[in-house]
Structures are given as C-alpha cells and as structure tokens.
Amino acid sequence: ARAPHPMIKVCYDIGDRASLGHDPTMEFEFLGSSMGSVHVKDRPRGGTTKPLGKGDADFSTCFRSILAAGFQGPFILQVAREEGLGEVELAVRNRHYVEQALSSAAIGS
C-alpha cells in the first residue's frame with residue numbers, strides 16, 4: 001500500500017512461508033492483486049528445501065487461495081534435487097506435481 005505502483009508486485013514463496021510457519025490463507029487475503037509471481041518449493045518448518053510434497057508446504061491451501069485471488073501465473077519452481085533422477089525427469093515430475101495440485105485446488109474450490 002505504501003508503494004502503489006502497478007509495476008511493483010510481490011513474489012510469494014510457498015516454501016519460505018511454510019518454513020516460517022505462516023498461514024497461507026491469511027497471507028493471500030492480504031496480498032490479493034499485488035502478487036506478481038509464486039515461487040513453488042517445499043520446506044519443513046525451520047528447514048531447507050525438500051522435494052515437492054516432502055516438506056510442510058500446504059500446497060492445497062496455497063493453490064486454492066492463489067486461484068481464489070485470481071492469480072494466473074507465473075509460477076517459478078525451485079525444487080530440491082532427488083538422487084537417481086536426471087534434470088529432465090525431475091522437471092517433468094515437478095511440473096506434473098504442480099499441475100495436479102492446481103487442478104485439485106480448482107475442483108475443490
């Protein structure tokens with residue numbers, strides 16, 4: 001509100017907020033149309049980046065709230081590497097994870 005310029009937006013980091021124990025529902029209500037991008041990653045509370053679904057990020061709530069706010073992207077993935085997976089396989093797996101979570105959130109809305 002103190003910088004009301006249409007070019008100033010917020011990058012919401014799902015993993016960092018989960019690591020700090022923040023409530024995504026309240027944050028998305030507050031942020032609304034000021035979101036410019038969403039950084040998709042997973043972290044346990046107080047910990048470091050984990051593979052998607054292995055930390056404390058509440059993706060269901062986050063994606064429902066993101067959709068309710070009318071946000072359509074971009075989504076930026078920063079995910080932990082998993083042993084035994086190549087970069088392409090990891091990218092495909094993570095994109096699928098996010099697409100499924102978004103789809104489930106849209107159906108559950």
Worksheet item: Donor-acceptor pair, Asn94 side chain versus Leu52 backbone, under 3.5 Å?
Response: no
Worksheet item: Side chain of Ser65, backbone of Thr61: donor and acceptor closer than 3.5 Å?
Response: yes
Practice prompt. With sequence neighbours left out, write down each residue that passes salt bridge (Lys or Arg N to Asp or Glu O under 4.0 Å) with Asp16, or none if nothing qualifies.
Written response: Lys41, Arg43
Practice prompt. Please list, chain by chain and in numerical order, all residues satisfying side-chain contact (heavy atoms from CB on, under 4.5 Å) with Phe75, sequence neighbours excluded.
Written response: Val38, Val40, Phe63, Ile66, Phe71, Leu102
Worksheet item: Does the side chain of Leu77 reach to within under 4.5 Å of the side chain of Val98, using non-hydrogen atoms?
Response: yes
Discussion item. Looking at Gly15, is its backbone amide N or carbonyl O close enough to the side chain of Asp42 to form a donor-acceptor pair, meaning the two atoms are under 3.5 Å apart?
Written reply: no
Item to complete: Not counting sequence neighbours, which residues clear side chain to side chain donor-acceptor pair (under 3.5 Å) with Glu89? List them please.
Response: none
Item to complete: Sequence neighbours left out, what passes salt bridge (Lys or Arg N to Asp or Glu O under 4.0 Å) with Glu27? Give chain and number order.
Response: Arg17
Worksheet item: Within the distance-only criterion (no hydrogens, no angle test), does the side chain of Ser34 pair as donor or acceptor with the backbone N or O of Leu31 below 3.5 angstrom?
Response: yes
Item to complete: Taking all non-hydrogen atoms of both residues into account, name the closest pair between Cys62 and Ile14 and its distance.
Response: SG-CG2, 3.9 Å
Worksheet item: Which residues satisfy the salt bridge (Lys or Arg N to Asp or Glu O under 4.0 Å) test with Lys50, sequence neighbours excluded?
Response: none
Worksheet entry | Pairing residues for Arg81 by the side chain to side chain donor-acceptor pair (under 3.5 Å) criterion, not counting sequence neighbours | none
Worksheet item: Which ILVMFWY residues can you reach from Leu85 by hopping between side chains whose heavy atoms are under 4.5 Å apart?
Response: Leu90
Worksheet item: Can you name the residues that form a side chain to side chain donor-acceptor pair (under 3.5 Å) with Arg95, not counting sequence neighbours?
Response: Glu99
Worksheet, complete the sentence: Taken in chain and number order and not counting sequence neighbours, the residues that satisfy side-chain contact (heavy atoms from CB on, under 4.5 Å) with Val92 are Val88
Practice prompt. Using side chain to side chain donor-acceptor pair (under 3.5 Å) as the criterion, list what pairs up with Glu82, not counting sequence neighbours.
Written response: Arg93
Worksheet, complete the sentence: Closest non-hydrogen contact found for Ala69 with Met35 is CB-CE, 4.0 Å
Worksheet item: Is Lys54 atom NZ crowded by more than 12 heavy atoms from other residues, nucleotides or ligands, each under 6.0 Å away?
Response: no
Item to complete: Considering non-hydrogen atoms only, spot the tightest contact between Ala80 and Pro51 and give its length.
Response: CB-N, 3.6 Å
Worksheet entry | Selection residues 7-39 - residue pairs positive for ring pair (Phe, Tyr, Trp, His ring centres under 6.0 Å), sequence neighbours left out | Tyr12-Phe28
Worksheet item: For Ile76, which fellow cluster members are found when Ile, Leu, Val, Met, Phe, Trp and Tyr are connected by side-chain heavy-atom distances below 4.5 angstrom, either directly or through intermediates?
Response: none
